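Computed from a predicted model, the values in this text were never measured in an experiment. Order of listing sets the numbers, starting from 1, for every ligand and every atom in it.
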Amino acid sequence: MLESLRRIVQEVNAAPNLRDVLNIIVARVRSTMDTEVCSVYLRNEQDVYVLMATEGLKQEAIGKVKLARGEGLVGLVASREEPLNLDEADSHPKYQYFPETGEEVYSSFLGVPIIHHRKVLGVLVVQQKHKRRFDEGEEAFLVTMSAQLAGVIAHAEATGGLAAIGQKAEARFMGVAGAPGVAIGSAVVVSPLADLNAVPVQINSDPEEELAYFSDSLAAVRQDIEQLSRQLEAHLNKEERILFDAYLGMLDDASIAGEVAEKIRAGYSAQYAWSQVILEHVAVFSRMEDPYLRERASDVRDLGSRVLAYLQQNLAEEKTYPERTILVGEELTASNLGEVPVDRLAGIVSQRGSSNSHIAILARSLGIPTVMGAVDLPFTHLEGHDMVVDGYRGAVYSDPSQRVRDHYEAILTEDKQLVASLESIKELPCETIDHRRVALWVNTGLVADAMISIERGAEGVGLYRTEIPFMLRDRFPSEEEQRQVYREQLATFAPRPVTMRTLDIGGDKSLPYFPISEDNPFLGWRGIRVTLDHPEIFLAQVRAMLKASEGFDNLRIMLPMVSNVPELEVALMLIYRAYDELLEEGYKVKMPPVGVMIEVPAAVYQVREFAERVDFLSVGSNDLTQYLLAVDRNNPRVADLYHSLHPAVLKALASIAKDAKEQDTPVSICGELAGDPAAAMLLVGMGYDTLSMNATNLLKVKSVIRAVSAQQIQHLLQEVMTLADADSVNRRLEDAFRRAGLSRVMRFDSESALIH
Ligand code: PEP
Ligand code: MG
């Protein structure tokens, strides 16, 4: 059973469109379960379940049989959200007869709901003439099948409208709000090279030229393989030599080349045509009964990627970015952002990741509206399409209608007005009406966000993510290269303090030249754990920071992901060693304040011990939230469980501030929470004197703090701390903002209501 299940899912996954997906499901499930009928009903926008595909019932009934929720047996399965297994369907009180189906002859009925993200998408039904209850094993198989297929069906439904070349119709995809704001522009798809599944649908401008390009590339790959095979001849065994021959045979295969040529003549680019033909062949091999032939699927895929790499060779240089680029991709990285001129980057959409993924954090500091985790986004089909990115609600529209455009143009105008109105407070201090002063610092990492920060009146840098310059290279930067980058950062902000965090890689931040592959990366080799295992990297970095600070003396050093005192002590010892070395070498550096991040639950309970050993503490609420709630900050599937204002998070934050105060150790917060105007008030109430945030939110936070008194904040905090769940906290804060006339700054849901 497991094998059949795997094969069906694999085949369904490779199907090009919803109709094929459904046809494969009904055919394969019927034959695997050896039943006479298998049908799929899908819910339409009116909440009605429509027969979409069947094997066994009359084909004329497709699209005609419709049942509302709760109506008939299918409607009953949908409304109860559980299987219904009957030996005599027509004697059930809910049974409804549709003459066009010819189903009167089938007595037994087993229906299971198809559920995706808690929503019933449809119902999968098998029927048989013979009067019997389906046994437990059959029921369990159908339930398993349905659970596995739900995601594929949802994806095929979402992408259904976009598959045809040149076809343009508005489609909306939901994801997770990544960075606030609205962007209207045109899509540029970023796809990893040589990835057959990620080739954007592109149209060629001259089929003959494209055909010539295709056959040149094939010839080049053939030469490569022949040369490689000659070089290795002496070292290859017979089987391996056969593999090379098989590759060459595939390249000469008239049918593959012929199919590709046909698609090129139909208007597609050589890259897209090739990827589609190869994927079709991979699918055919994967379905084969013979295990040896099935294994050949991976050879075809491998060869396909090699040729694709050739076909894509010139793409990087050719890339042009329209004036309002919406960068779209499966999983975007900091270097993808770096490639687009900042003044052209209007919006970002990523199929993977969530609101606290590092790419979203970067986008927020650059003020680029972003949607993350748009899991159903058919990103390869969107190259050049018009798009709207709603970074407030996590919605993306491709080929938006005029109505949707008008709606978002209006929001853009309002946003511009809000930004303009905040300009006036740029030079004013951040203090409450009754003069409680709060320092507003920024988080930086890129050159561009440093400039924005100064313009917005940042008083210091609470977190400089040093891993970002590391991520933008193809090898570790040398000590001198680092010194130059850090010096620029220190110079930009001097005399304001700049808190440089030592290298924090691992989790969702990997260096292309130092890959870390782990099953559980957020609980693995991350932050200080990596750098303590590589003191040479740590020492070079600290030395570079100290040298860079010469003459400015505005450096602070901060340590990430510390979970115990010994880690802290070893790191401090290394910092002192670097400092002593530099003094000996004649540098006139001052020992900077050293701080530690409180971002794992263990650290919350060791604030006192940490405070005794360092000069300052800074809370990394992004990680602290993920670890306290056990919710991966990068996983869109659990994004709606990542509650920054969960009562447990608030209690931890309050306890950190209290313990730090008792030790007289300054405590700041540099997680994204600090830049949320509502949360910022609570943090001030808890005793955080320094809030470090992305530059985009700086003035919004200031405008809110300047509008309230310390006493009002205390009242609100006391009330909020008694609430039992994050939704209640959010509602209470929303209410407080409305009453204080501040909701404009927050853009609550009702104001940017989604339009369909
Ligand atoms: C945090 O975890 O809150 C933090 C500021 O660090 P990062 O987001 O870079 O992990
Ligand atoms: Mg962190």
Practice task
Answer yes or no for Q626: is there a heavy-atom contact with ligand 1 below 4.0 Å?
Solution key: no

Practice task
Starting from atom 6 (O) of ligand 1, locate the nearest protein heavy atom and write down its residue, its atom name and how far away it is, to 0.1 Å.
Solution key: R501 NH1, 2.9 Å

Exercise for the section: Verify, without hydrogens or angle tests, whether Q482 (side chain) and P477 (backbone) share a donor-acceptor contact under 3.5 angstrom. Expected result: yes

Completion exercise
Distance col, row T432:OG1 vs R437:CZ, nearest 0.5 angstrom, shows 10.5 Å

Handout entry: Heteroatom proximity flag, E599 to ligand 1, N/O under 3.5 Å
Key = yes

Problem - For R633, atoms of ligand 1 separated by under 4.0 Å from a heavy atom - result: 2 (O), 7 (P), 8 (O), 10 (O)

Practice task
Please state whether the rings of W525 and F514 are parallel, tilted or perpendicular, taking 30° and 60° as the class boundaries.
Solution key: tilted

Problem - Those atoms of ligand 1 less than 4.0 Å from some heavy atom in L463 - result: 5 (C)

Problem - Set of residues satisfying side-chain contact (heavy atoms from CB on, under 4.5 Å) with respect to P521, sequence neighbours excluded - result: E518

Practice task
Can you pull out the closest protein heavy atom to atom 7 (P) of ligand 1? Residue, atom name and distance to 0.1 Å, please.
Solution key: H358 NE2, 3.2 Å

Problem - CZ-CZ distance between R732 and F737, expressed to the nearest 0.5 angstrom - result: 11.0 Å

Practice task
Please answer whether the main-chain N or O of T690 pairs with a side-chain N or O of S668 as donor and acceptor at a distance below 3.5 Å.
Solution key: no

Exercise for the section: Give yes if a backbone or side-chain nitrogen or oxygen of G620 is under 3.5 Å from a nitrogen or oxygen of ligand 1, and no if not. Expected result: yes

Problem - For the Mg ion (ligand 2), every protein N/O/S atom that sits closer than 2.8 Å, waters excluded - result: E599 OE1, D623 OD2

Handout entry: For R526, the ligand 1 atoms whose distance to one of its heavy atoms is below 4.0 Å
Key = 10 (O)

Practice task
Indicate yes or no: does E734 engage R731 in a salt bridge with an N to O separation below 4.0 Å.
Solution key: no

Handout entry: Region of M597 that comes within reach of ligand 1 [heavy atoms, distance under 4.0 Å]
Key = side chain

Practice task
For the pair E480 and K547, find out whether any cationic side-chain nitrogen is under 4.0 Å from an anionic carboxylate oxygen.
Solution key: no

Practice task
Could I get the full list of salt bridge (Lys or Arg N to Asp or Glu O under 4.0 Å) partners for R475, not counting sequence neighbours?
Solution key: E481

Exercise for the section: Using the test salt bridge (Lys or Arg N to Asp or Glu O under 4.0 Å), find all partners of R613 that sit at least two apart in sequence or belong to another chain. Expected result: E569

Practice task
Using a strict cut-off of 4.0 Å, indicate which atoms of ligand 1 neighbour a heavy atom of I361.
Solution key: 8 (O)

Problem - D390 bridged to R393 by N-O distance under 4.0 Å - result: no

